[in-house]
Amino acid sequence: MPLLKVESNRMKKKSLYISLIVGIAFLMENLDSTAITTAIPKMANDFSVSAVTMSAGITAYVIMLAVFIPISGWVAGRYGTRSVFSLAVTGFILASVACGFSGSLPVFVVSRILQGMAGAMMVPVGQLAVLTNTAKEDLVAATAYITWPGLVGPIAGPFLGGFFTSYLSWHWIFFINVPIGIITIIYALKFIPNTQPSEKNKRKLDWIGFLLSGIGLMCLTIGLELLSQDNVDYTVSFTLIGISLLLIGLSVWHSFRTAYPIIDYNVLKIKTFRIPITSGTISKIVINTAPFIIPLLFQTVFGMSAFHSGLLFMASMIGNLMMKPATIWITKKYNFRQVLCFNGFLLALTTFLQVFFYPGLAVWIIAGILFFAGMVRSMQFSGLNTLAYADVPSDLMSNANTLYITLQQLSVALGVSFAALSLHFSSFYHQNGNNYQLNDFQMSFTIISLFCLLSLIGYLKLNKEDGLVVRVKNK
């Protein structure tokens, strides 16, 4: 409560309430997406299918996000942010209920497709509502409230999924969305203003751009998903990725030859947006390797159960939460070049420190490193998300948000795929097959930490004045 009171003095109340509303919606979406992973074996047994086949439910959701996020900006501009956001949350609730009542895999997959379509509107449109109702100097605080769910969800989700599956039933993973979603809708209708469509927003949908980007992102998502499997068919996977890059390239080419593209890539000319897109994506890929590779290490090498590995990994979540108030202060006191460079190095360092994890290591040491790593990830995530919109003009905000959210979503799949590829390579190098050993994880952590250092190249190009507009308040 004291924190909320302090922040309400710094921010306009409307901006504060909208940020909290959207943050809750993001938390619901992130918890749902990650909690399902621990429930897959039980769900597969109930549906009388293999666990591998059950992954279709996860893949279907991610594909829908990739396909429909690019048109979220157009939909919000055409029908209003509050209307679209509220309807998206409503659709997410109804699809969640359908998932919970699914009695077979086909019904579950269809329900997840509908849930993914709703989520594709809910996430970017919610963030757009925050950006369009927040003054530039309040972006640091607003971003903190909508950032922590993106970090907490992947960590708390597997833990909650394990709890529901073990002590209640996997159905509660989806039913818990009902009360959360209803509260979100009530307060969204009360506090989020509904933007009125301008003449520009009444334009027709760029169908060519939508199809090129949608199919391209779908192929990329499937290709990356295949790369994360143990018995991967590299020919199929890299063919899909090649096709996706061709289609995405054509969508970019098309965007410069149409009056109203689905995504206006001219926003990349803004340096403070381009660097969070390029170097920032590298950092987010590294951040998103952790929820995949660390619990896997605890389960395959340490011999922990899914529940206990998730419980230990919760130390990262605590670090994320503890860092949030400090994130606002640090971003106000130090310029983005200092913050992203120093913290980017710490991100690489904390990743490398995990090389020294082994079964006999004291739990408090492991938890301490994970706690510090969680703090570092929170700082980098918040810094990037704030800088990205610092100098974006209002007429390009919707395009910037759509592009940024699309790449942020892809960074989750890229993180899992990169972690899996590094493990596959390490296992091949050590001739361990698919039976991962401690030395495979050690090499993988080393590869990931070295990859993380590449992000510093972009961060070093920032000037101390970059993003100053979001830091001037309280200086």
Side-chain angles (χ1 to χ4, degrees), residues 34-35 37-38 151-163 166 228 230 283-323 326 342-381 415-416 418-453:
T34 54
T37 57
T38 53
L151 293 162
V152 172
I155 298 169
F159 169 76
L160 290 176
F163 175 82
S166 300
S228 65
D230 285 335
S283 293
K284 289 179 180 179
I285 289 172
V286 172
I287 289 171
N288 285 304
T289 62
F292 171 82
I293 195 170
I294 295 177
L296 187 62
L297 168 68
F298 291 159
Q299 293 177 52
T300 59
V301 177
F302 286 42
M304 293 183 179
S305 66
F307 178 79
H308 286 97
S309 66
L311 187 63
L312 181 56
F313 195 51
M314 285 279 285
S316 290
M317 185 191 73
I318 298 172
N320 291 337
L321 294 175
M322 294 289 288
M323 190 64 185
F342 181 71
N343 201 73
F345 173 76
L346 289 181
L347 180 60
L349 177 62
T350 54
T351 303
F352 181 71
L353 286 177
Q354 292 158 10
V355 169
F356 301 101
F357 286 177
Y358 63 92
L361 187 62
V363 171
W364 68 267
I365 296 178
I366 297 174
I369 293 174
L370 292 178
F371 175 84
F372 183 59
M375 296 178 68
V376 170
R377 287 197 291 269
S378 180
M379 183 69 249
Q380 201 72 356
F381 211 91
V416 173
F418 184 61
L421 273 177
S422 65
L423 270 178
H424 294 334
F425 171 79
S426 302
S427 180
F428 174 79
Y429 179 81
H430 294 126
Q431 298 182 346
N432 289 328
N434 290 330
N435 185 25
Y436 300 127
Q437 303 297 316
L438 179 61
N439 57 357
D440 298 325
F441 286 94
Q442 291 172 333
M443 178 177 283
S444 185
F445 285 129
T446 302
I447 293 171
I448 295 170
S449 60
L450 291 174
F451 175 72
C452 184
L453 292 175

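FYI, the numbering just counts along the sequence from 1. Bear in mind that the values here come from a model prediction, so they are computed numbers and not experimental data.
- The two atoms that bring Ser426 and Ser444 nearest to each other are OG-N, 3.6 Å, heavy atoms only.
- Atom CZ of Phe357 sits about 9.5 Å away from atom CD1 of Ile365, to the nearest 0.5 Å.
- When all heavy atoms are compared, the tightest approach of Ile293 to Ala419 is CB-CB, 4.3 Å.
- Minimum interatomic distance between Ala348 and Cys452 (heavy atoms only, all atoms of both residues): N-SG, 3.6 Å.
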* To do: Please lay out, stage by stage, how Val301 and Gln437 fare under the test side chain to side chain contact (heavy atoms under 4.5 Å, CB included).
  => CA-CA 6 Å; Val301 177; Gln437 303 297 316; 5.9 Å; no
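- Within the model, atoms CZ of Phe441 and OG1 of Thr446 stand 13.0 Å from one another, a figure rounded to the nearest 0.5 Å.
- Nearest heavy atoms, Ala367 versus Ala315: O-CB, 3.5 Å.
- Residue Ile287 holds its CD1 atom at 6.5 Å from CD of Gln380, rounded to the nearest 0.5 Å.
- Considering only heavy atoms from C-beta on, Phe371 stays 4.5 Å or farther from Met323 through its side chain.
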* Give the intermediate values and the outcome of side chain to side chain contact (heavy atoms under 4.5 Å, CB included) for residues Phe445 and Leu297. => CA-CA 11 Å; Phe445 285 129; Leu297 168 68; 4.0 Å; yes
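- Distance check, rounded to the nearest 0.5 Å: CD1 of Ile369 to CH2 of Trp364 gives 9.5 Å.
- The ring-ring contact (aromatic ring centres under 6.0 Å, His included) search around Phe425 returns none, not counting sequence neighbours.
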* **Residues Val376, Leu349; criterion side chain to side chain contact (heavy atoms under 4.5 Å, CB included); working and verdict** => CA-CA 10 Å; Val376 170; Leu349 177 62; over 6 Å; no
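- In this structure, Ser316 contributes its side chain and Leu370 its backbone to a donor-acceptor pair below 3.5 Å.
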* Any chance you could lay out the side chain to side chain contact (heavy atoms under 4.5 Å, CB included) test for Leu347 and Met379, step after step, and finish with the verdict? => CA-CA 10 Å; Leu347 180 60; Met379 183 69 249; over 6 Å; no
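- Note: Leu296 CG to Leu423 CG = 6.5 Å, rounded to the nearest 0.5 Å.
- In this structure, a donor-acceptor pair under 3.5 Å is absent between the side chains of Ser449 and Thr351.
- If you look at Phe451 and Phe418, their ring centroids are closer than 6.0 Å.
- Contact between Met375 and Gly319 at its shortest, heavy atoms only, is CG-O, 3.3 Å.
- Under the 4.5 Å side-chain criterion, counting only non-hydrogen atoms from C-beta, Phe302 is not in contact with Leu312.
- Summarising the geometry, atom CD belonging to Gln442 is positioned 9.5 Å from atom CZ belonging to Phe352; distances are rounded to the nearest 0.5 Å.
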